[in-house]
Protein chains: 2
Amino acid sequence: MTVELASADAQPINVHARLDAYCAANTFDQPTLVLDVDLVEQQYHALKEGLGYADIHYAVKANPAEEIIARLVKLGSHFDAASKAEVALCLKHGADPAHVSFGNTVKRSSDIAWAHAQGITLFSADAEQELEKIAISAPGAQVYIRLIVEISQADWPLSRKFGCDSATAIRLLSYAKSLGLDPIGFSFHVGSQTRKAAMWGPSLDALAEIWHAAKAAGHELTLLNIGGGFPAFYGETIEAPTDYASAVMEQIISRFGKVPRIMAEPGRGLVAEAGVIVSEVLLVSRKSDRDMHRWVYLDIGRFSGLAETEGEAIRYQFETPRDGDPVGPCIMAGPSCDSADVLYEKRPMLLPISLRAGDRVLIRNTGAYTSTYSSVCFNGFPPLAVVVI
Amino acid sequence: MTVELASADAQPINVHARLDAYCAANTFDQPTLVLDVDLVEQQYHALKEGLGYADIHYAVKANPAEEIIARLVKLGSHFDAASKAEVALCLKHGADPAHVSFGNTVKRSSDIAWAHAQGITLFSADAEQELEKIAISAPGAQVYIRLIVEISQADWPLSRKFGCDSATAIRLLSYAKSLGLDPIGFSFHVGSQTRKAAMWGPSLDALAEIWHAAKAAGHELTLLNIGGGFPAFYGETIEAPTDYASAVMEQIISRFGKVPRIMAEPGRGLVAEAGVIVSEVLLVSRKSDRDMHRWVYLDIGRFSGLAETEGEAIRYQFETPRDGDPVGPCIMAGPSCDSADVLYEKRPMLLPISLRAGDRVLIRNTGAYTSTYSSVCFNGFPPLAVVVI
């Protein structure tokens with residue numbers, strides 16, 4: 001509960017000094033995400049240094065704040081868009097359509113056609129019907145096939161919903177060609193928040209096997225999309241961004257050689273540490289005299305920005321003005337009348353015993369997957385406010 | 001997958017005829033909830049008939065559509081508000097402040113003060129700090145204490161987050177009095193979507209024990225708030241609304257006698273069956289040749305309105321233009337790039353084998369807990385659109 005550095009090997013200064021100064025100088029009448037876009041820029045350079053010739057396609061879904069997109073366009077970043085609106089956002093800020101990939105494997109036909117008309121040339125697919133939609137709505141487009149890689153050590157694994165198995169993938173390459181499309185490679189996703197570069201090994205082994213089988217079957221592959229997985233600091237040690245990225249690239253080169261084009265899609269790993277949520281304690285209570293734990297209710301919950309606490313998957317870092325006082329275990333919950341709006345219960349959080357209603361709580365490294373998850377007005381609460389400094 | 005009646009004993013006509021006609025006559029370029037506010041009125045009368053002298057406090061959080069609130073004010077309904085915004089909404093449409101309960105046990109002090117200034121006189125609490133906030137911000141206000149009732153047979157149980165145990169509750173009555181507040185009774189919640197009136201029995205037994213203990217301890221109790229739990233039809237048989245409500249009231253009278261004031265807070269049970277979501281199939285696929293199930297991806301998912309499919313708790317009814325064709329098991333998922341955005345996987349849905357991208361899908365009885373849960377723009381998708389007819 002002290003100020004933590006962005007990652008284990010970061011320089012010994014408080015990288016959050018600007019965020020802290022802004023939070024200290026302002027009052028907030030609702031939960032607010034404060035973003036330091038300079039920290040996004042720093043992280044972009046750090047990742048880019050490790051990734052070498054691979055293109056960074058920022059996963060816009062992690063945080064589509066206009067200022068983040070504008071800054072990344074200026075830095076030469078490419079983009080991974082999940083929808084028509086995300087494609088439009090990138091183009092609005094001057095991204096080259098050739099640098100925007102439409103990476104959702106599930107797209108509406110009319111959105112494909114719209115994107116194609118804007119000059120988007122690269123689409124993902126993992127199924128025959130998707131290829132058929134692309135062939136009709138974006139004839140001749142480049143496509144990559146998303147693979148299921150079931151071996152994952154990520155904190156938020158992504159194994160089931162997206163991708164197809166190796167036999168299906170190789171068949172889809174041929175099918176794409178028969179539809180007049182240009183199938184150029186594969187994508188996969190190691191899983192969000194993969195904390196150590198070494199955890200990529202087993203997935204890359206599985207991927208390499210399919211890659212070489214496809215080449216042996218006569219397919220010319222020029223694109224490897226390694227997806228995201230780049231981690232943020234949530235309390236458990238992670239490797240510094242440049243070291244992490246270069247260790248991932250070394251593992252790729254050793255298995256695939258010099259692939260003409262490599263795409264990496266950091267989202268969380270690029271923006272999470274650039275944000276802090278300012279929230280407030282609404283209530284501290286015990287349900288009975290026998291309760292071992294207190295309940296701490298914040299003014300933000302699963303339906304107003306902290307969706308990734310589902311299953312207690314992402315364990316945020318909390319700071320309070322009473323840090324340093326003796327601590328005790330707390331179940332943490334959001335403010336809504338929904339009993340599913342509980343943040344941490346199976347593994348309670350240690351918080352100061354002196355904590356009480358009205359206290360400010362800072363939630364660190366919340367720049368990714370918070371603002372856009374928040375509901376429009378569940379229980380009448382407004383969506384998470386966002387301020388970019 | 002045929003048109004279902006609103007509940008088992010409903011009259012043998014299609015109560016959804018107006019909704020069906022509207023959907024058939026229109027095209028929709030995004031997922032849209034269509035609400036028939038006349039059906040809300042019918043259901044209000046049906047419940048009110050069974051509930052007798054108990055006041056209906058509509059749980060605004062279930063669906064805060066302006067037209068629903070306006071119609072219910074006209075019918076003489078009272079309201080249960082979860083937040084300042086919900087209180088404001090009710091007052092805007094002409095609700096008497098004396099008929100609006102601020103029922104969230106976790107309130108911001110400034111919101112309590114604001115509500116008090118608007119004339120709200122009734123607040124809930126389950127903890128000392130909450131009573132202290134109410135005593136400061138709404139001096140002299142009426143309060144009821146929420147109890148934990150751990151015995152529930154609801155489909156979406158609510159046992160842990162809200163309420164306190166009996167010893168704490170009785171102590172809170174005394175504490176409220178010492179703070180100058182007017183503690184008038186208890187509330188509890190049997191759990192959302194409690195399908196049969198008989199399922200209330202064990203919870204009411206537990207509640208009656210506490211009620212009589214508090215009276216024996218010298219507390220004058222004039223209010224019993226029985227919360228919600230009134231069910232909607234999601235495929236499993238439920239009792240008709242009047243029969244259900246009167247069976248609940250009979251169980252209350254037999255245990256508590258003639259309590260001066262009874263509040264019931266239907267949300268789902270009042271509005272769910274008045275709504276249908278129009279959605280579209282984006283993709284049907286198989287992950288491998290060995291897959292037993294197809295994957296069906298809709299343009300709506302857990303983060304754009306179907307949050308209650310979490311844990312597959314609420315099992316919606318789907319209608320397609322291909323109903324009647326042979327069916328097969330499907331895993332159903334939403335359109336976002338989030339692997340947690342899966343609707344039904346453990347218990348796959350049976351859908352027509354002929355189903356394909358572009359097909360319209362109607363999702364029945366989705367008038368409650370859909371529109372407000374939807375995220376502001378997760379993955380760039382707009383929130384669920386709402387049309388009231």
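In what follows, chains carry the letters A, B, and so on, assigned in the order in which the sequence lines appear, proteins first and then strands, with residues in each chain numbered from 1.
Neither the backbone nor the side chain of E128(A) comes within contact range of chain B; no heavy atoms are under 4.5 Å apart. Looking at S288(B), both its backbone and its side chain come within 4.5 Å of chain A, counting heavy atoms on both sides. Heavy atoms of K107(B) lying under 4.5 Å from chain A belong exclusively to its backbone. Residue Q129(B) touches chain A through both its backbone and its side chain, counting heavy-atom pairs closer than 4.5 Å. In this structure, no portion of L384(B) lies under 4.5 Å from any heavy atom of chain A. Neither the backbone nor the side chain of S110(B) comes within contact range of chain A, judged by heavy atoms closer than 4.5 Å. If you measure heavy-atom distances from V342(B) to chain A, the contacts under 4.5 Å come from the side chain alone. Neither the backbone nor the side chain of S166(B) comes within less than 4.5 Å of any heavy atom in chain A. With a 4.5 Å cut-off on non-hydrogen atoms, R290(B) touches chain A through its side chain but not through its backbone. Contact of T168(B) with chain A is made through the side chain alone, with heavy-atom distances under 4.5 Å. The parts of S374(A) that come within reach of chain B are both its backbone and its side chain, each placing non-hydrogen atoms under 4.5 angstrom from that chain.
Residues of residues 291-299 of chain A that come closer than 4.5 Å to chain B, counting heavy atoms only, are W295(A), Y297(A), D299(A), ordered by residue number.
A distance-only check finds no donor-acceptor pair linking the side chain of K84(A) to the backbone of I112(A) [under 3.5 Å]. In terms of modelled atom types and a separation under 3.5 Å, the side chain of K92(B) and the main chain of E66(B) share no donor-acceptor contact. Judged by distance alone, the side chain of R360(B) and the main-chain N or O of V278(B) form no donor-acceptor pair under 3.5 Å. H189(B) places a side-chain N or O within donor-acceptor distance of the main-chain N or O of G228(B), the cut-off being under 3.5 Å. Of the possible donor and acceptor atoms, none in the side chain of T105(B) sits under 3.5 Å from a partner among the backbone N and O of S124(B). Looking at D126(B), its side chain does come within 3.5 Å of a backbone N or O of G163(B) through a donor-acceptor pair. Of the possible polar contacts, one joining the Q30(B) side chain to the P383(B) backbone as a donor-acceptor pair under 3.5 Å is found. Side-chain N or O atoms of E312(A) include one that pairs as donor or acceptor with a backbone N or O of E345(A) at under 3.5 Å. Side-chain N or O atoms of S375(A) include none that pairs as donor or acceptor with a backbone N or O of S304(A) at under 3.5 Å. Judged by distance alone, the side chain of S174(A) and the main-chain N or O of L172(A) form no donor-acceptor pair under 3.5 Å.
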| From CA spacing to verdict: side-chain hydrogen bond (donor to acceptor under 3.5 Å, both in side chains), N379(B), S83(A) | CA-CA 6 Å; N379(B) 276 225; S83(A) 64; over 6 Å; no
| field | Residue pair E132(A), R356(B): steps toward the salt bridge (Lys or Arg N to Asp or Glu O under 4.0 Å) verdict | value | CA-CA 12 Å; E132(A) 291 162 5; R356(B) 57 175 296 126; 3.6 Å; yes
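Note: P335(B) leads P335(B), S285(B), A167(B) in heavy-atom pairs under 4.5 Å with chain A. With chain A as the partner, the residue from S336(B), G358(B), G103(B), A127(B) showing the most heavy-atom pairs under 4.5 Å is S336(B). Chain A forms the most heavy-atom pairs under 4.5 Å with one residue out of G380(B), P382(B), A85(B), and that residue is G380(B). Your options are V87(B), V281(B), N104(B), and the one with the most heavy-atom pairs under 4.5 Å with chain A is N104(B). When each of V60(B), D165(B), L89(B) is scored by its heavy-atom pairs under 4.5 Å with chain A, the top score falls to D165(B).
Ring orientation note: the planes of F378(A) and Y373(B) are close to parallel, at an angle under 30° on the 30°/60° scale.
The pair K61(A)-E265(A) fails the salt-bridge criterion, with no side-chain N (NZ, NE, NH1 or NH2) lying under 4.0 Å from an Asp/Glu carboxylate O.
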